[in-house]
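Labels below follow one simple rule: chain letters A, B, ... track the order of the sequence lines, proteins then strands, and each chain is numbered from 1. Values reported hereafter were calculated over all heavy atoms of this structure, with side chains retained and with hydrogens, waters and symmetry mates removed. The model shown is predicted, which means the values in this text are computed figures rather than measured ones.
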2 protein chains.
Amino acid sequence: MTTLKRDTYTPDSLLQVAVQVFNERGYDGTSMEHLAKAAGISKSSIYHHVSGKEELLRRAVNRALEGLFGILDEPQAREGRAADRLEYVVRRMVEVLIAELPYVTLLLRVRGNTGTERWALERRREFDHRVAELLKNAAAEGDVRGDVEVRLATRLVFGMINSIVEWYRPDGRTGARREVADAVVQLVLTGLRG
Amino acid sequence: MTTLKRDTYTPDSLLQVAVQVFNERGYDGTSMEHLAKAAGISKSSIYHHVSGKEELLRRAVNRALEGLFGILDEPQAREGRAADRLEYVVRRMVEVLIAELPYVTLLLRVRGNTGTERWALERRREFDHRVAELLKNAAAEGDVRGDVEVRLATRLVFGMINSIVEWYRPDGRTGARREVADAVVQLVLTGLRG
DNA sequence: CCTTGTCCCGACCGATCGTTCGGTTACTCT
DNA sequence: AGAGTAACCGAACGATCGGTCGGGACAAGG
């Protein structure tokens, strides 16, 4: 039978603890001692589950990036009018951001000091570029205003969406995610179409 | 006569170098060795000008906060219809953000590990609250839509504005600042009024 | 009973951290 | 010329960093 009980750490359950501490103290501001204390095990025990601090970061940002790139593979992001696909992607970005909140938070704070961080930054740029093309196509099809530069608008829209990680905290209310997604779509897309 | 030549460091000119390195590597990711290398002097010489690493951070975030709070004291932020004052404050926030870019960048990335960082976070919250009241008043006067929660809208607007530090880099073009400010005002305020 | 492997630990490693200290250079003022 | 001081330096401090090492506790399988 496959194991079901989880009274001991797996790489993933340890990651869950680590990412939370990373987000509270910052990656560089977090020592292995901090992680050990938060996980309730000794510092050296962490190395039984993962190869080191950087693997934890790599696993975390990878999970975030998989969630984001997954959006672009969904049918509604690939078919139809560019403006509609853009709205769908914006809405799904908010949902993924919230669903994978701690992992995306960590991704968005990466600075580029190590190889792992630079790889994360590169993949982020790639994702941004894919969404920017969507906005460019929507402009070409005449569905968004032409007096705001596409590159500038893309950055501002990303800025608004990504800022969600700075204040959103999960609560009991069902539909809170949808409410946030609705507000973003309303603010951004009416502003763009205006 | 007052000294004019600047072939040696002052606390402020050293701060200028330090803040740039802080923004590249992150505050925690920056060692005094990094700062010394960037400044072209030895590590111990830094302590001739400032008391330590944390004073550099304190000076930097203080400069950013003074710029932001200064906006609220300007006449156009204090008189007139709330919606107009809001538009003025939003526009001036973009301008201050760009004028004091490295200092505001550092302020926006503070995590709260030390006393200085927690003080910075508290003042930031105070500023956010002041602007949120402006938006609330504009809603009460019927100048912005009522179907988006004020608290939520405030956060999204701040997110868009603050995200500027993540991508704006000064160039030779005059009027680039105004262009950015115009785009933000258009996107945000037509979205809000819509 | 004995082996095997998982999970964990305290002790320790060399390196680097922010900071301090004693001292040297070079310019200013009298 | 001599005193004072601003600006700087190399060497070293105790503390902490990420990571290693040898081994103990314990359950599973033969």
Exercise. Go through B:Asp12 and B:Arg59 one step at a time and tell me if the side chain to side chain contact (heavy atoms under 4.5 Å, CB included) criterion holds.
Key: CA-CA 9 Å; B:Asp12 270 7; B:Arg59 280 174 178 269; 3.6 Å; yes
Quiz item: Is there a side-chain polar atom (N or O) of A:Ser42 under 4.0 Å from OP1 or OP2 of C:dC9?
Solution: yes
Practice problem: State whether B:Thr8 places a side-chain N or O below 4.0 Å from either non-bridging phosphate oxygen (OP1 or OP2) of D:dC8. | Solution: yes
Quiz prompt | Nearest-nucleotide pick for B:His49, side chain only, options being D:dA7, C:dC7, D:dC9 | solution = D:dA7
I'd like to check the side chain to side chain contact (heavy atoms under 4.5 Å, CB included) partners of [X]; sequence neighbours left out, ordered by chain and number.
| X | value |
| --- | --- |
| B:Ile164 | A:Leu156, B:Val94, B:Leu97, B:Ile98, B:Trp167, B:Tyr168, B:Val180, B:Val184 |
| A:Ala38 | A:Val17, A:Val21 |
| B:Gln16 | B:Tyr103 |

Sub-4.5 Å side-chain heavy-atom contact between [X] and [Y]:
| X | Y | answer |
| --- | --- | --- |
| A:Arg173 | A:Glu179 | yes |
| B:Arg111 | A:Arg109 | yes |
| A:Asp147 | B:Gln186 | yes |

Quiz prompt | Residue pairs passing the ring-ring contact (aromatic ring centres under 6.0 Å, His included) test where at least one lies in residues 132-155 of chain B, sequence neighbours excluded | solution = none
Self-check item: Pairs touching residues 120-146 of chain A that satisfy ring-ring contact (aromatic ring centres under 6.0 Å, His included), sequence neighbours left out
Solution: A:Phe69-A:Phe127
Self-check item: Close approaches to DNA chain C from residues 33-41 of chain B, in residue order (heavy atom, under 4.0 Å)
Solution: none
Self-check item: Residue-level proximity of residues 106-113 of chain A to DNA chain C when a heavy atom falls under 4.0 Å
Solution: none
Taking only nitrogen or oxygen atoms into account, show me every contact under 3.5 Å that the protein makes with nucleotides 19-23 of chain D, one pair per line with its distance.
unit_1 : atom_1 : unit_2  : atom_2 : d
D:dG19 : OP2    : A:Tyr47 : OH     : 3.1
D:dG19 : OP2    : A:Lys53 : N      : 3.0
D:dG19 : O5'    : A:Tyr47 : OH     : 3.4
D:dG19 : O6     : A:Lys43 : NZ     : 2.4

Quiz item: Which pairs with one or both residues in residues 15-27 of chain A pass salt bridge (Lys or Arg N to Asp or Glu O under 4.0 Å), sequence neighbours excluded?
Solution: none
Quiz prompt | Spacing between B:His48 atom NE2 and D:dG10 atom P, to the nearest angstrom | solution = 16 Å
Quiz item: Quick one: bend of the helix from C:dC1-D:dG30 to C:dT30-D:dA1 from 5 pairs per end, to 10°?
Solution: 0°
Practice problem: Could you tell me which residues satisfy ring pair (Phe, Tyr, Trp, His ring centres under 6.0 Å) with B:Tyr27, sequence neighbours excluded, listed by chain and number? | Solution: B:Phe22
Practice problem: Under the salt bridge (Lys or Arg N to Asp or Glu O under 4.0 Å) rule, collect the residues that match up with A:Arg118, sequence neighbours excluded. | Solution: none
Self-check item: Electrostatic pair A:Glu166-B:Arg155, nearest N-O below 4.0 angstrom
Solution: no
Quiz item: For A:Ser31, which contact category applies under a 4.0 Å heavy-atom criterion: base, sugar-phosphate, or nothing?
Solution: sugar-phosphate
